[in-house]
Number of protein chains: 2
Amino acid sequence: MEEATTDGRVLRGEATRERVLDAAERLFAAEGFDAVSIRRIAAEAGVTLGVVGFHGGSKQKLFRTVLERRVEALNAARRARLAELRAQDVPLEMRDLVDGYLTPYLDQASRGDPQWRAYARLIARIVSDDRWYPEVGGLYDPVAQEYLDAMHELRPEVPRRELVTALTLTVASMLSLVASRARIAGLSGREAGGPMDYRETLITFCLGGIEAVAARGR
Amino acid sequence: MEEATTDGRVLRGEATRERVLDAAERLFAAEGFDAVSIRRIAAEAGVTLGVVGFHGGSKQKLFRTVLERRVEALNAARRARLAELRAQDVPLEMRDLVDGYLTPYLDQASRGDPQWRAYARLIARIVSDDRWYPEVGGLYDPVAQEYLDAMHELRPEVPRRELVTALTLTVASMLSLVASRARIAGLSGREAGGPMDYRETLITFCLGGIEAVAARGR
DNA sequence: GTCTATATGTAGATAGAC
DNA sequence: GTCTATCTACATATAGAC
């Protein structure tokens, strides 16, 4: 994991910046913004304090950089799913929209790159926090609006604010599973698996919830 | 708000302890454990640093005291609702259980004592956090188990772990509304009200979700 | 029960050597 | 680009006067 060095000097050029951002991502995801010092980020990244300042700027700016680094990839995955659905011959269904919005995120939260898993946990930690919404809202809301448009096409008789609430509760449910399965484990008396183990139940729950809200708002 | 003092000495006996816990509750709720120093709690409470240490012990212990202070009242409200429902002549319905679990908390989050509102936001902040679940799980899970028992009576054919997941997602949805309505406001382009303004939609969503999970698990 | 004072450590940020 | 050193501020915790 550590690049070979013989004299204590580590010259890795551009890669160092990534190491700093990766370390910040892991620690912020695991413990939150306030619990993590830039000194610990430096130690985790295997660099000195000054290096973090050089690449990341202030702690706040470093945090924002970490948030923004992966936004486009996730937005693109969700948009691609929506485009696929619209290109199909069969009519759009609400279940497809729920699946299309949730699955790219659950995928990243469950498998592949551990840094993506950390990022997913970080997002789960802050999206429903007034303090950070101004930082992240603008990053993810445009794609959410596109899904809301599609939901509105399917249920044009439902007031949009009801769809907004239903989608927001859907996202909250999704994020809660990524943030922690500890309570499920505690209440059910068994080990909880990863977020992907709950995908089917989550989609069923959220779809049922959205349909119920839509039916009432008719 | 400030008791009259003439000499800088404030002798309020037992009330001081409450002031310290109230101040801690407000600040922890608004900004989280790590963002708040006991110095700020002291300032908020209008006491000196040593007083907080005297009444609260360590920061961790102070936090736990704040958490535990209101648990019994909330548990009692939920148990009273469940007892009422069981005492009725009409058969138990799933909607009553959802309402019985959510409404006492939403009540406290929306009206009355501002300290109760703060406590509700504090709980919302930590229940789905691995770091704090060991501190709060044991406080709220027994009542959750009683509601799960009632849910299981209504749908005995559904595996209990599915009911656990559905109830946990229900709670996550509820907590997200108490923690922040900022995203709903941002996505819908209008001011968000208090948590109680979303009670009907929330209950409809969660009930629809639970019924859908139960129907699939049959 | 409340105060002051302080011990001891860590925080964020940056200047300047290499 | 990276390191060391340091400034300034604030953290938790507690001892001991009143």
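From a predicted model like this one, the values you see are computed outputs, not experimental measurements. A, B, ... follow the sequence lines: proteins, then strands. Residue 1 opens every chain.
Look at CZ on A:Arg17: it is 12 Å from P on D:dT2, rounded to the nearest Å. The nearest whole Å value for the distance from the CG atom in A:Leu27 to the P atom in C:dA11 is 12 Å. The nearest whole Å value for the distance from the CZ atom in A:Arg39 to the C1' atom in D:dT4 is 12 Å. If you measure from atom CZ of A:Arg40 to atom P of C:dA11, you get 8 Å, rounded to the nearest angstrom. One can place CZ of B:Phe33 at 12 Å from C1' of D:dA11, the figure rounded to the nearest angstrom. Rounding to whole angstrom units, NE2 of residue A:His55 and P of C:dT14 are separated by 16 Å.
Using modelled atom types and a 3.5 Å distance limit, the side chains of B:Tyr119 and B:Asp22 yield no donor-acceptor pair. At a cut-off of 3.5 Å, with distance as the only test, no side-chain donor of A:Ser128 or B:Arg183 sits close to an acceptor on the other residue.
The stretch residues 71-80 of chain B participates, sequence neighbours left out, in these side-chain hydrogen bond (donor to acceptor under 3.5 Å, both in side chains) pairs: B:Arg79-B:Glu146. Counting only residues at least two apart or in different chains, salt bridge (charged side-chain N to carboxylate O under 4.0 Å, His left out) contacts with residues 49-67 of chain B comprise B:Arg64-B:Glu68, B:Arg64-B:Glu135.
With sequence neighbours excluded, the residues forming a side chain to side chain donor-acceptor pair (under 3.5 Å) with A:Arg111 are A:Asp107, listed by chain and number. Contacts of B:Gln145 classified as side-chain contact (heavy atoms from CB on, under 4.5 Å), with partners at least two apart in sequence or in another chain: A:Leu187, B:Leu148, B:Arg160. In this view, B:Ala179 and B:Ala124 satisfy the side-chain contact (heavy atoms from CB on, under 4.5 Å) rule, not counting sequence neighbours.
If you find the closest nucleotide of DNA chain D to A:Phe54 and to A:Leu49, the one lying nearer the 5' end belongs to A:Phe54.
Checking C:dC3, D:dT2, C:dA13 against every side-chain atom of A:Ile38, the shortest atom distance belongs to C:dA13. Comparing C:dA13, D:dC3, C:dC3 by their nearest atom to the side chain of A:Val51 picks out D:dC3.
DNA chain D lies under 4.0 Å from at least one heavy atom of each of the following residues of residues 57-65 of chain B: B:Ser58, B:Lys59.
Looking at heavy-atom distances under 4.0 Å, B:Val36 makes contact with sugar-phosphate atoms alone, never a base. Note on A:Val20: nothing from the nucleic acid sits closer than 4.0 angstrom, heavy atoms only.
For B:Ser37 and D:dA11, the shortest distance from a side-chain N or O to OP1 or OP2 is below 4.0 Å. Note on A:Thr48: every side-chain N or O is 4.0 Å or more away from OP1 and OP2 of D:dT2.
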